[in-house]
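Note sheet for the following structure.
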Amino acid sequence: MAHVPIGIPTHVQKICSLYKKTLRNLEAFYDRRHVYRYQAVLLRQKFDKIINEKDNRKSVEMLKQAEHELFLTQHPIPRKFPRSPGGVAYQRVVTPPDWVLDYWHPLEKAQYPEYFKRREERKKEFIAMWEKEFGKPDPKDTHH
């Protein structure tokens with residue numbers, strides 16, 4: 001499911017978001033922790049200047065320049081978390097549909113007798129509700 005923004009982000013939220021994206025970009029470039037931390041401190045210094053700027057127009061311009069700089073320095077193969085969009089395990093967990101349980105072997109169903117008894121009752125209730133709402137299927141419409 002795509003991320004749906006709620007409301008319009010404030011200027012400070014935009015700065016924080018860009019800071020986080022830029023940190024993730026640095027992470028992709030530097031595999032040595034101490035080198036990454038040094039670069040992160042330098043980056044924080046740049047973003048502190050943007051966030052502490054009193055003139056709003058100048059701050060907006062600095063933010064645009066930082067966005068452009070990030071665009072120009074993007075890593076060609078950015079790191080992604082495995083379960084995040086674009087990650088190797090994104091949407092890998094598949095929830096099987098309910099009808100799969102109909103094909104269980106009787107010995108497997110015997111391990112959960114209360115569940116399958118209730119399931120059969122619910123299926124009958126659903127069929128009754130369907131027939132009440134839409135009527136019984138016409139036998140001539142079956143594909144034989």
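Only a predicted model underlies this, so the values are computations on that prediction, with no experimental measurement involved.
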Among all residues two or more places apart in sequence or in another chain, which pass the side chain to side chain donor-acceptor pair (under 3.5 Å) test with Arg44? Asp48
Hits for side chain to side chain donor-acceptor pair (under 3.5 Å) against His11, two or more places apart or cross-chain, chain-then-number order -> Ser59
Among residues at least two apart in sequence or on other chains, which ones pass side-chain contact (heavy atoms from CB on, under 4.5 Å) with Lys21? Ser17, Leu70
Thr95: side-chain contact (heavy atoms from CB on, under 4.5 Å) partners, not counting sequence neighbours: none
Using every non-hydrogen atom in the two residues, find where [X] and [Y] come nearest and quote the distance to one decimal.
X	Y	answer
Ala110	Pro113	O-CD, 3.4 Å
Ala28	Pro78	CB-CA, 4.3 Å
Phe47	Ala66	CZ-CB, 4.4 Å

With sequence neighbours left out, which residue pairs that include part of residues 99-111 fulfil the side chain to side chain donor-acceptor pair (under 3.5 Å) condition? Asp102-Arg119, Asp102-Lys123
By the side chain to side chain donor-acceptor pair (under 3.5 Å) test, which pairs, at least two apart or in different chains, include something from residues 31-41? none
Which other residues end up in the same hydrophobic cluster as [X], if Ile, Leu, Val, Met, Phe, Trp and Tyr are linked when side-chain heavy atoms come under 4.5 Å apart?
X	answer
Phe126	Met129, Trp130, Phe134
Val93	none
Val94	none
Phe71	Leu72

Tell me if the CG atom of Leu42 is crowded by more than 12 foreign heavy atoms within 6.0 Å. yes
Taking atom CD of Glu121 as the centre, does the number of heavy atoms from other residues, nucleotides or ligands within less than 6.0 Å exceed 12? yes
Which residues pass the ring pair (Phe, Tyr, Trp, His ring centres under 6.0 Å) test with Phe29, sequence neighbours left out? His75
Find out if a path of hydrophobic residues (ILVMFWY) with successive side-chain heavy-atom gaps under 4.5 Å connects [X] to [Y].
X	Y	result
Tyr19	Ile51	yes
Leu23	Phe81	no
Val60	Met62	no

State, yes or no, whether a side-chain contact exists between Tyr115 and Leu101 at a heavy-atom distance under 4.5 Å. yes
Heavy-atom check, side chain of Glu125 versus side chain of Arg122, under 4.5 Å: yes
Once rounded to the nearest 0.5 Å, what's the spacing between atom CD of Gln74 and atom OG1 of Thr22? 10.0 Å
Please answer whether the main-chain N or O of Gly87 pairs with a side-chain N or O of Ser84 as donor and acceptor at a distance below 3.5 Å. no
Tell me, which pairs form a salt bridge (charged side-chain N to carboxylate O under 4.0 Å, His left out) where one or both residues lie in residues 59-79, sequence neighbours left out? Lys46-Glu69
